[in-house]
Amino acid sequence: MKYSKYFIPTLRDIPSEAEIPSHKYALKGGYIKKIASGIYDYLPLGLKVLRKIEAIVRKEMNKSGAMEVSMPSMVPAELWQKSGRWSFYGKELLRIKDRADREFCFGPTHEEVIVDMVSNNIQSYKQLPINLYQIQTKFRDEIRPRFGLMRAREFTMKDAYSFHEDQSSLDATYQDMYKAYCNIFTNCGLKFRVVNADSGNIGGNSSQEFMITADSGEDEILYCSSCTYAANVEKAATIIHNPDEENQTAIEVETPGIKSIEDVSKFLNSTPTQLIKALVYQYEIMIEQNKYEAKYALIFIRGDYDLSEIKLGNKLNALSLRLATDDEIQTQLNAPSGFLGPVGLATNKSLTILADDSIKGLKNAIVGANKVDYHLKNVNTPKDYTFDEYIDLKIVKEGDTCPECKKGQLIKERGIEVGHIFKLGSKYSESMKAVFLDKNGKEQPFIMGCYGIGIGRTAMAAIEQNYDDNGPTWPIQIAPFEVILIQANMNNETQSTVANNLYQTLLSNNIDVLFDDRNERMGVKFNDADLIGSPIRIVIGKKADEGIVELNLRSGIKDELAVADVVTTIDKHITELLQISNSKVK
Ligand code: ATP
Ligand code: MG
């Protein structure tokens, strides 16, 4: 491809909304163009990267035995009503009416469509398992689209769905997908970590996310310093050891106007780890289709921990939740906010009370006395209060103990979620009554798995992991061009002859090359080459008449080469770059 004929509308100024390198370079380098919030044109350079990622994804999916299909973006409401998600999914679902007033949605994910496709065509266990995938446009009306293709509203996803007769068959395909995903991100030249994840509103009970590690990542990961445990903070667990000490007798102490954990612990010469914090939430649940109810929950957790709203929402099956106001707390608990505690609390029956396991075994705790300006010291269970069970509702912290090996400490890292694999079970097949006949001729709901990869997000994450002050430094596997050929002086005939011959030679050797044949200053050409970010650059300059060109690697290495050696040298560097990026995998 010749630059003079190629459409790369670079920008002089970066729009102020672009906060992170990938977004800046994708706009400045002419990869994408914004049309509306979270909606983008993919320009030739951007599309080329996406297509390279798609090709890597397709190859691994096909290798795993999955079959490619294509489902429509426009999905009839009936399918979503059948699964129950029409009323559950909320505002991310873009709902549309056709001319006859029939309702549709623009598919944000395709469980309903695939269940419909498979259940109408597969009747017997003999036809199972089956794994179907597509690479297709999704729409999610994200509340805060940002960072370009990283969190877009319209975006390309690879989504796969597998159908099984039993759990062990699902486990096997899930494992195949796990391996395929590892190959995909390795073959994209990216560093990644696989973490245990929350299943969100897709459903199911077991899932893992593939995280591209990068400082700008929206997700927080905790991994163990001594074993392989790694989890999204939304899911991460720990084990708590509260120190054993002798029970003392509870006493009431005056704490005038002192409410916050920090102030109370200072005032009472203690530490937040000795306090039991009480939080009240209002949450909404669906009691039947289109019928909702607002409820309240009181949660007790150790003073040094924050509550995870994700874990709480999952426990309560909440559609939404928020902290209760002081007035709501007074009405629900007949006690003042800031002084709540588990001792002698007169609560109404509809209140849900939950205890985080961080307070299990906590001796001589400090708690609110359920009256203004008073706390209790030396509170112990079961003498002073009891809970039926303790569950995990906390946000686990760096330095906490690994829940798996029980030895290592958890370390924090940031990541970008590019892929997610789920064991769905029979959630959709049951709600949509999708069944097959098992070995005994009995109807059973399909057991399902589903597996997503964000194609555009992977491209952006690749930049977040690979950039310098001048542009992206793409892994060679997904760089828009492997090589950029730059002719220094377009008016020099020898340079033109050498450059054109070399360009043809590279093309015939299947090297993906962009020939910058524009009549521009070298500075301009170099700047643009930095934005294209190819790892290998060949400059045809002053020594062209001696048959010598310059090799310029993005990593900083510079060398002079005989024209005749260019192809073998490029091949050598491509092989080396592939090895370097493969060894980067965590
Ligand atoms: P997030 O928590 O980031 O919103 P998600 O859990 O909603 O992601 P999934 O439903 O698992 O995402 O979708 C599968 C993949 O699709 C994700 O791993 C991600 O790579 C991609 N993806 C999801 N939402 C977006 C988006 N708004 N823009 C770009 N890619 C997305
Ligand atoms: Mg989402």
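Start at 1 and go down the list; that is how both ligands and their atoms are numbered.
Cation-pi contact between K397 and Y305: present, with separation from the ring centre below 6.0 Å and deviation from the ring axis of at most 45°. For K295 and Y283, the positive end is not near the middle of the six-membered ring at less than 6.0 Å and at most 45° from its axis. Cation-pi geometry between R322 and Y281 is not satisfied (NZ or CZ under 6.0 Å from the ring centre, within 45° of the ring normal). With F300 as the aromatic partner, K277 does not meet the cation-pi criteria of under 6.0 angstrom to the ring centre and within 45 degrees of the ring axis. Cation-pi check for R95 over W80 is not met; the charged atom does not lie both under 6.0 angstrom from the ring centroid and within 45 degrees of its normal.
Close N/O approach between A152 and ligand 1 is found [any backbone or side-chain N/O within under 3.5 Å]. The shortest N/O to N/O separation between R153 and ligand 1 does not fall below 3.5 Å. For the pair F155 and ligand 1, the shortest N or O to N or O distance does not fall below 3.5 Å. Between R457 and ligand 1, at least one N/O pair is under 3.5 Å apart.
Against a heavy-atom cut-off of under 4.0 Å, E142 is close to the following atoms of ligand 1: 24 (N), 26 (C), 27 (N). For ligand 1 and L149, the ligand atoms under 4.0 Å from any heavy atom of the residue are 28 (N), 29 (C). Atoms of ligand 1 found under 4.0 Å from any heavy atom of G419 (numbered from 1 in listed order, with element): 18 (O). Near R140, the atoms of ligand 1 lying under 4.0 angstrom from a non-hydrogen atom of the residue are 5 (P), 7 (O), 9 (P), 10 (O), 12 (O), 13 (O), 23 (C), 24 (N).
Ring geometry for F446 against F163 counts as perpendicular: the plane angle is over 60°, on a 0 to 90° scale with 30° as the lower cut. Between F139 and F106, the angle of the ring planes lies from 30° to 60°, which puts this pair in the tilted group.
Heavy atoms of R151 found under 4.0 angstrom from ligand 1 belong to the backbone as well as the side chain. Under 4.0 Å from ligand 1, not a single heavy atom of D159 appears.
At a 4.0 Å cut-off, at least one heavy atom of V418 sits close enough to ligand 1 to count as contact. At least one heavy atom of M150 sits less than 4.0 Å from an atom of ligand 1.
Which of E92, H420, E417 comes nearest to atom 17 (C) of ligand 1 through a heavy atom is settled by distance: it is E417.
For an aromatic pair to be called close, the ring centres must be under 6.0 Å apart, and Y178 with F210 satisfies this.
With sequence neighbours excluded, the residues that form a side chain to side chain contact (heavy atoms under 4.5 Å, CB included) with S83 are R85, E112, Y428, S431, M432.
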